[in-house]
Amino acid sequence: MSALEIPCPLFDLEKTLGSGQVFHWTKLEQRFQGVIHREPVEIEQIGDHLRIHRGDPETICHYFSLDHPLEEIARSFPADLPLAAATDFCRGLRLIRQPRWECIATFITSALKQVPHIRQISLDLRRRHGEQVGPEVFAYPTAATLAGVGESILRESRLGFRAKNLAAAARFIAEGRIDLDSIGSLPTGELERELCRLPGVGPKVARCVLLFAYERLDAFPIDVWIERVLRERYFPRRRNITALRLRAFTASYFGPYAGYAQQYLFHHARLTMGRRVAS
DNA sequence: TGGCAGGGGTTGA
DNA sequence: TCAACCCCTGCC
């Protein structure tokens, strides 16, 4: 199969895949192998071009949101030092358009887990329960499949207490108690409330899903990293500021592309702040 | 070699 | 507001 090259200005494949949005991609030398929905994909970046060894170019461009106007997004940000530094550091990092169930399930399993663990769980679930779509390549198991598998088998993938939530969420969807596609037309606030009906989905996971699977680019998930950034960089002299006040601040301060601001602050913090931060 | 603390969150009291 | 949930890793 001959490789196809497409232009991808202002895009950094490695940063995008390494920014804690998706967890199943594997790097082999310069190539990244992964699955988009059920399609095996193998790509590498050469300067401002993407060399596609396997996969449909249109699917790949859509998945990596190559149509998002990054310059315009950066211009919409409030002018402050922490965000300017993060934006500079994350040049070319784009928000991925993820399949909805896969995104929900992956973030349910991410609770109190670090990236390598989430990745290990994600790959194991694919291998054990996902459809094989290529040599050593597996799609994420469907909700119906995981609903049939049940909690005790899921625990074998080292999910711990998350197995119960994942099994229950899979059943919730398989039984038709929520339709992930039809709720896509709801306003963001209502959509968030609908997502929180799923077992194991609280405010943080719901906002990740809003951002990564429903393209609500103003959604701002607050995890421990972002909370550290907000407290240290935005409210250094107000040590006892409440989580509620932080939420209110993020809802108004970062603007229509708050989700991008969050992703940049998050990725920058993870790679520069170290494990422990003075509090 | 083994014990211990703590981690990208949710839930229910 | 806080403990409990399960497992893994790093550190001593």
Side-chain angles (χ1 to χ4, degrees), chain A residues 15-25 82 86 89-90 93 95-96 98 102-125 128 146 149-173 178 192-213 219-233 239-247 250 258-279:
Chain A
K15 262 185 209 152
T16 298
L17 288 176
S19 63
Q21 302 181 63
V22 288
F23 303 94
H24 74 280
W25 288 78
F89 183 83
C90 296
L93 196 167
L95 291 178
I96 293 171
Q98 297 188 39
E102 178 181 323
C103 181
I104 291 168
T106 305
F107 280 95
I108 286 175
T109 64
S110 77
L112 280 184
K113 283 282 182 195
Q114 293 171 321
V115 170
H117 297 168
I118 305 168
R119 175 179 166 77
Q120 184 185 320
I121 290 169
S122 172
L123 289 172
D124 194 73
L125 287 173
R128 286 172 186 256
L146 292 185
V149 165
E151 181 185 337
S152 58
I153 299 290
L154 289 180
R155 278 180 182 264
E156 292 174 6
S157 295
R158 304 185 185 286
L159 281 161
F161 64 85
R162 302 159 197 83
K164 186 178 174 186
N165 289 334
L166 183 60
R171 277 199 305 277
F172 205 90
I173 289 164
I178 190 168
E192 183 176 345
R193 280 191 290 280
E194 277 296 301
L195 290 169
C196 285
R197 290 172 59 214
L198 288 162
V201 176
K204 190 271 177 178
V205 171
R207 287 177 175 202
C208 286
V209 174
L210 285 175
L211 188 57
F212 302 137
F220 196 101
I222 300 181
D223 56 41
V224 300
W225 284 100
I226 285 295
E227 193 168 329
R228 281 175 191 160
V229 172
L230 294 173
R231 289 183 186 281
E232 288 188 19
R233 307 277 161 83
R239 297 172 71 86
N240 54 357
I241 189 166
T242 63
L244 202 64
R245 176 73 187 84
L246 288 179
R247 270 214 297 280
T250 62
Y260 260 98
Q262 183 273 163
Q263 194 63 25
Y264 290 172
L265 289 169
F266 169 79
H267 186 60
H268 185 231
R270 265 191 66 222
L271 271 64
T272 60
M273 286 172 82
R275 283 193 66 183
R276 250 162 242 234
V277 179
S279 55

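Both backbone and side-chain heavy atoms feed into the values below; hydrogens, waters and symmetry mates do not. So that the names make sense, note that chain A is the first sequence line, chain B the second, and so on, each numbered from 1. Treat the numbers as computed from the prediction; the structure is a model and nothing was measured.
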Taking atom [atom2] of [N] as reference, at what distance in whole Å does atom [atom1] of [X] sit?
X        : N      : atom1 : atom2 : value
A:Ile222 : B:dT10 : CD1   : P     : 12 Å
A:Glu192 : B:dG9  : CD    : P     : 15 Å
A:Leu112 : B:dA5  : CG    : P     : 16 Å
A:Leu195 : B:dT11 : CG    : P     : 12 Å
A:Ile121 : B:dG7  : CD1   : P     : 17 Å
A:Arg158 : C:dT9  : CZ    : C1'   : 13 Å
A:Asp223 : B:dG6  : CG    : C1'   : 16 Å
A:Gln120 : C:dC6  : CD    : C1'   : 13 Å

From [options], pick the nucleotide closest to the side chain of [X]?
X        : options              : result
A:Lys113 : C:dC7, C:dT9, B:dG9  : C:dC7
A:Gln114 : B:dG7, B:dG9, C:dT9  : B:dG7
A:Arg155 : C:dC6, B:dG9, C:dT9  : C:dC6
A:His117 : C:dC8, C:dC5, B:dT10 : C:dC8

>> Among residues at least two apart in sequence or on other chains, which ones pass ring pair (Phe, Tyr, Trp, His ring centres under 6.0 Å) with A:His24?
In response: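 Partners of A:His24 by the ring pair (Phe, Tyr, Trp, His ring centres under 6.0 Å) criterion come out as none, since no residue qualifies.
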Sequence neighbours excluded, which residues qualify as ring pair (Phe, Tyr, Trp, His ring centres under 6.0 Å) partners of A:Phe220?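 Ring pair (Phe, Tyr, Trp, His ring centres under 6.0 Å) check on A:Phe220 returns A:Phe254.
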request  = Look up atom CG in A:Asn165 and atom CG in A:Leu154, then write down how far apart they are to the nearest 0.5 Å.
outcome  =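 Answer for the CG-CG pair, A:Asn165 versus A:Leu154, is 11.0 Å.
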Which part of the nucleic acid, if any, lies within contact of [X], taking any heavy atom under 4.0 Å across all strands shown: a base, the sugar-phosphate backbone alone, or nothing?
X        : answer
A:Gly200 : sugar-phosphate
A:Pro116 : nothing
A:Phe107 : nothing
A:Leu198 : sugar-phosphate

With [X] via salt bridge (charged side-chain N to carboxylate O under 4.0 Å, His left out) - residues at least two apart:
X        : answer
A:Lys15  : A:Asp12
A:Arg162 : none
A:Arg231 : A:Glu227

For this session: For DNA chain C, list all stems, counting runs of three or more consecutive pairs where every pair is Watson-Crick or G-U wobble with both distances under 3.5 Å.
Result: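 The stems that DNA chain C takes part in, listed by first number, are B:2-7 with C:7-12, B:9-13 with C:1-5.
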### Residue whose closest nucleotide on DNA chain B lies nearer the 5' end, A:Gly20 versus A:Val201
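Its nucleotide being nearer the 5' end, the pick is A:Gly20.
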* To do: Report the residue (A:Cys208 or A:Pro199) whose heavy-atom-nearest nucleotide on DNA chain B is the more 5′ of the two.
  =>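 It is A:Cys208 whose nearest nucleotide is closer to the 5' end.
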- Message: Show every salt bridge (charged side-chain N to carboxylate O under 4.0 Å, His left out) that has at least one partner inside residues 108-119 of chain A, sequence neighbours left out.
- Response: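 Checked against salt bridge (charged side-chain N to carboxylate O under 4.0 Å, His left out) - neighbours excluded - no pair reaches residues 108-119 of chain A.
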- All pairs passing side chain to side chain donor-acceptor pair (under 3.5 Å) where residues 193-212 of chain A contributes a residue, at least two apart: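 Only A:Glu192-A:Arg207, A:Glu194-A:Arg197 qualify under side chain to side chain donor-acceptor pair (under 3.5 Å).
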query: What's the shortest heavy-atom distance between A:Arg155 and A:Phe161, and which atoms?
result: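 Nearest pair, atom of A:Arg155 first, then A:Phe161: NH2-CA, 4.1 Å.
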query: Roughly how far apart, to the nearest Å, are B:dA5 and C:dA3 at atom P?
result: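 Pairwise P distance, B:dA5 against C:dA3, rounds to 15 Å.
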Check: A:Ser122 side chain, A:Ile118 main-chain N or O, donor-acceptor pair, under 3.5 Å: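 Pair absent, no side-chain N/O of A:Ser122 close to backbone of A:Ile118.
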Point to revise | Close approaches to DNA chain C from residues 159-171 of chain A, in residue order (heavy atom, under 4.0 Å) | key: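 Per residue number, the list reads A:Gly160, A:Phe161, A:Arg162.
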